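Lettering of chains follows the sequences in order, A, B, ..., and the numbering in each one begins at 1. Fair warning: this is a prediction, and the values are worked out from it, not measured in the lab. Keep in mind that the numbers below use all heavy atoms, side chains included, and drop hydrogens, waters and symmetry copies.
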There are 2 protein chains.
Amino acid sequence: MLEKTTLAAISERTGYSVSTVSRVLSGKAEKYRISQSAVERVTREARRCGYRPNLVAQSLRTRQSQTVGLVVPGIDNPFFATLSSIVIAQLDARGYHTLLADSRESEEEERQALEMFQDRGVDGILAVPVASSPEFHEEVGQNVPLVLIDRYFEKTSLSYVCTDNYAGAYMAARYLVDKGYRRILAIQGVPASMPNRERVRGFLDAIKDRGVESRVVGDAFSVENGSREALAAFAGNPKAYDAVFAFSATILLGTISALRRLGLTEGKDIGVISYDNNGFLDFMNPPVSRVEQPLREAGEIAVDTLFSLMEAHLSGLPRPAPVQQLVMPTLVIRESC
Amino acid sequence: MLEKTTLAAISERTGYSVSTVSRVLSGKAEKYRISQSAVERVTREARRCGYRPNLVAQSLRTRQSQTVGLVVPGIDNPFFATLSSIVIAQLDARGYHTLLADSRESEEEERQALEMFQDRGVDGILAVPVASSPEFHEEVGQNVPLVLIDRYFEKTSLSYVCTDNYAGAYMAARYLVDKGYRRILAIQGVPASMPNRERVRGFLDAIKDRGVESRVVGDAFSVENGSREALAAFAGNPKAYDAVFAFSATILLGTISALRRLGLTEGKDIGVISYDNNGFLDFMNPPVSRVEQPLREAGEIAVDTLFSLMEAHLSGLPRPAPVQQLVMPTLVIRESC
DNA sequence: CAGTTTTGCGCAAACGATTGCGCTGTGTAT
DNA sequence: ATACACAGCGCAATCGTTTGCGCAAAACTG
């Protein structure tokens, strides 16, 4: 390590005041009409000793951190991992860093994360909300730009970017019905979450009045839930249902393992369709039909939205009208149904 | 929002000095012998106006941020997603927050991330390194506690916690050989990365002098690489190899899709084994044999190690001897070979 | 040459917290 | 009465930046 490399140090070594050094090194030289010679002297010294601004001090003074907080319900879930990856890349491209928190589907942890984000002075927040009601998020949204992703609240003034889960589930269910399946089991994720509720609604609407027997079971976006609920629902009778709709790729994995235990092969003995577009769905045997969500698009729109909120916030403008957008998923048919 | 909630504000409203308020609210009341009445008056007011300390100011003053930086080569890779999840949970449990950066396998981005971490005054860094040589990491490690995970450098004074990739690959290859496979194709990941090099070494050592024909191809831990390289290596001849060893689960997916195109079924026409323990491997048809890495264990050890480094760093002690640990993977045999 | 403009730069306050040191006032021992 | 201990608290410096304001010297104007 070299000498301490602060503005003060450079100031001492160049003979210029801290102010001048600061202005030069933050590129405000001509705005403040610093002489060519000063600029040179200072930049040279800065380079020589490898000056790097202390971002903490900078944040304190400017009330900007070049950081956004991202909170997701489970980074180990490939869905959120992909989403995070997209979002982080976007932020990075704009010169922003990411504080990542994992709420583990817990309202309490989510709350703590949001609070921590504020205490750290993040410039904006992206959240996949877990809470059942929007109050807290709205309160936070008052203070710092906030955009919801993937999940949203019924009636809220917050911005959100989600996929149309109603439409996705509707398409999938309608496809099954049209294919002639008549006893359909749906295995859902976290029941209270908005995407899940919408999927249930889409599913039920699609089969309504179509002479289809149906049932919705389950309570988590996890492999275990898929397996457990499938086994319980079939109750040992392989003919109990002729199709299964798994509400996520993780659920699907569990479901398939259960079906195999029952001696059923997807696409042959039973129709199977899933939500999500995890890479492996095409590599299962047989490949699995699914509702693909335009994650990249959603992530990009969310970041765009956040930045426009942040810009307004910076300029002290009133909060712009919320952007509330649903992007459309697509149905991808393979050989499992 | 209520009034501004700073120490100064509370100081004014209670009549006590900022120092006293600070000491009360940071729990140093009896250390500094603050009167019971003052404590009460201050805490009451703090609660009333919902005081939350400004962590940025706190960081600036104390030179501690309660934050560690985590940099991985690709958070969308399930392997790193799982690892991150484990690490983040651990840190969270200890009251630390996580700045996450994605180097996307780029040395340059990794460098930037590490630099940013320092500029932000993180208390420690966990890195899955991408660089081919340790210099930069070692330099960083001089200034802030740093522990490598999953990948390490040949000769370094840095601490690391990795899995024994040599042993893992050796076990897998030896198993294939013992099972009678004689023409084995290995599809590797990023060739320069330490885990990959070790896997290659383990693989080659295991088949040496066993009368086995072999070839190592590929250059990335990706689905495409797996598919492309498998197709190229078989060159249309399904009998070209009788077994394939995929060096990661992502590679495996690509490989399987290629094998299917060649009309081959794993476990029947060809032996297949993979690295990694992604959830889906058990749900493929047939389930895939693999080398499972004790990720949770590795993550926990890494965090433990980091904290002991951090503790020493705090107390101004000399850097403790590096902890350099390999944890042992396990061979899980299913029906693919 | 006096007056005005421009150029180039520094002073000092601020951001919000932490902390070493010292000050005052009361109680106790001598 | 003098000394001393200690309880209870505040002063002010500090962390490293940023920035409004103003000042002096140089340059220009008429």
First and last nucleotide of DNA chain C touching chain B, 5' to 3', heavy-atom cut-off 4.0 Å?
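The footprint of chain B covers C:dG16 to C:dG20.
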Looking only at atom types and distance, does a side-chain atom of [X] sit under 3.5 Å from a main-chain N or O of [Y], one as donor and one as acceptor?
{"X": "A:S65", "Y": "A:G121", "result": "yes"}
{"X": "B:S315", "Y": "B:L317", "result": "no"}
{"X": "B:D102", "Y": "B:I75", "result": "yes"}
{"X": "A:R23", "Y": "A:K31", "result": "no"}
{"X": "A:R111", "Y": "A:A131", "result": "no"}
{"X": "A:S159", "Y": "A:Q324", "result": "no"}
{"X": "A:S11", "Y": "A:L7", "result": "no"}
{"X": "A:S106", "Y": "A:E108", "result": "yes"}
{"X": "A:S22", "Y": "A:V18", "result": "no"}

Mind running a 4.0 Å heavy-atom check of residues 115-125 of chain B against DNA chain D and sending the residues that fall below it, in number order?
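Close to the strand, none.
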Just the rounded figure in Å: distance from [atom2] of [N] to [atom1] of [X].
{"X": "A:E12", "N": "D:dG16", "atom1": "CD", "atom2": "C1'", "answer": "14 Å"}
{"X": "A:K31", "N": "D:dT19", "atom1": "NZ", "atom2": "P", "answer": "7 Å"}
{"X": "B:R33", "N": "D:dG10", "atom1": "CZ", "atom2": "C1'", "answer": "14 Å"}
{"X": "A:L7", "N": "D:dT14", "atom1": "CG", "atom2": "P", "answer": "17 Å"}

Partner of A:Y96 by side chain to side chain contact (heavy atoms under 4.5 Å, CB included), out of A:V68, A:V122, A:L306:
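Result: among A:V68, A:V122, A:L306, A:V68 is the only option passing the side chain to side chain contact (heavy atoms under 4.5 Å, CB included) with A:Y96.
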Quick one: which of B:L146, B:L148, B:N143 gives a side chain to side chain contact (heavy atoms under 4.5 Å, CB included) with B:I125?
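The single option meeting the side chain to side chain contact (heavy atoms under 4.5 Å, CB included) with B:I125 is B:L146.
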Relative to the 5' end of DNA chain C, which residue comes earlier, A:I34 or B:A8, by the nucleotide with the nearest heavy atom?
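Comparing both residues, the 5'-ward one is A:I34.
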Collect all protein-nucleotide pairs involving nucleotides 25-29 of chain D in which both atoms are nitrogen or oxygen and the distance is under 3.5 Å.
none

Is it the case that B:E138 and B:Q142 place a side-chain donor and acceptor less than 3.5 Å from each other?
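The criterion, which ignores hydrogens and geometry beyond distance, is not satisfied for B:Q142 and B:E138.
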Donor on one side chain, acceptor on other, B:S133 and B:E135, under 3.5 Å:
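Short answer, yes.
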Salt bridge or not between B:R104 and B:D76? Use side-chain N to carboxylate O under 4.0 Å.
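No.
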First encountered from the 5' end of DNA chain D, between B:Y32 and B:T62:
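Between the two, 5'-proximity favours B:Y32.
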Could you go through residues 81-90 of chain B and list every donor-acceptor pair under 3.5 Å that involves a side-chain atom there, pairing it with any protein atom two or more places apart or in another chain?
| residue | atom | partner | partner atom | Å |
| --- | --- | --- | --- | --- |
| B:T82 | OG1 | B:P78 | O | 2.8 |
| B:S84 | OG | B:F80 | O | 2.7 |
| B:Q90 | NE2 | B:E300 | OE2 | 3.4 |

What is the nucleic acid contact for B:V18, judged by heavy atoms within less than 4.0 Å: base, sugar-phosphate only, or nothing?
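Base: the residue B:V18, judged by heavy atoms under 4.0 Å, touches a nucleobase.
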Does A:R61 have a side-chain nitrogen or oxygen under 4.0 Å from the phosphate oxygens OP1 or OP2 of D:dC15?
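No, A:R61 has no side-chain N/O under 4.0 Å of OP1/OP2 on D:dC15.
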Cation-pi, A:Y16 ring and A:R41 (6.0 angstrom, 45 degrees)
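So A:R41 doesn't make the cation-pi contact.
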For the helix from C:dC1-D:dG30 to C:dT30-D:dA1, figure out the bend between the end axes, five pairs an end, and round to 10 degrees.
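Inter-axis angle at the termini of the helix from C:dC1-D:dG30 to C:dT30-D:dA1: 60°.
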For DNA chain C, what residues of residues 19-30 of chain B have any heavy atom nearer than 4.0 Å?
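B:S19, B:S22, B:R23, B:K28, in order of number.
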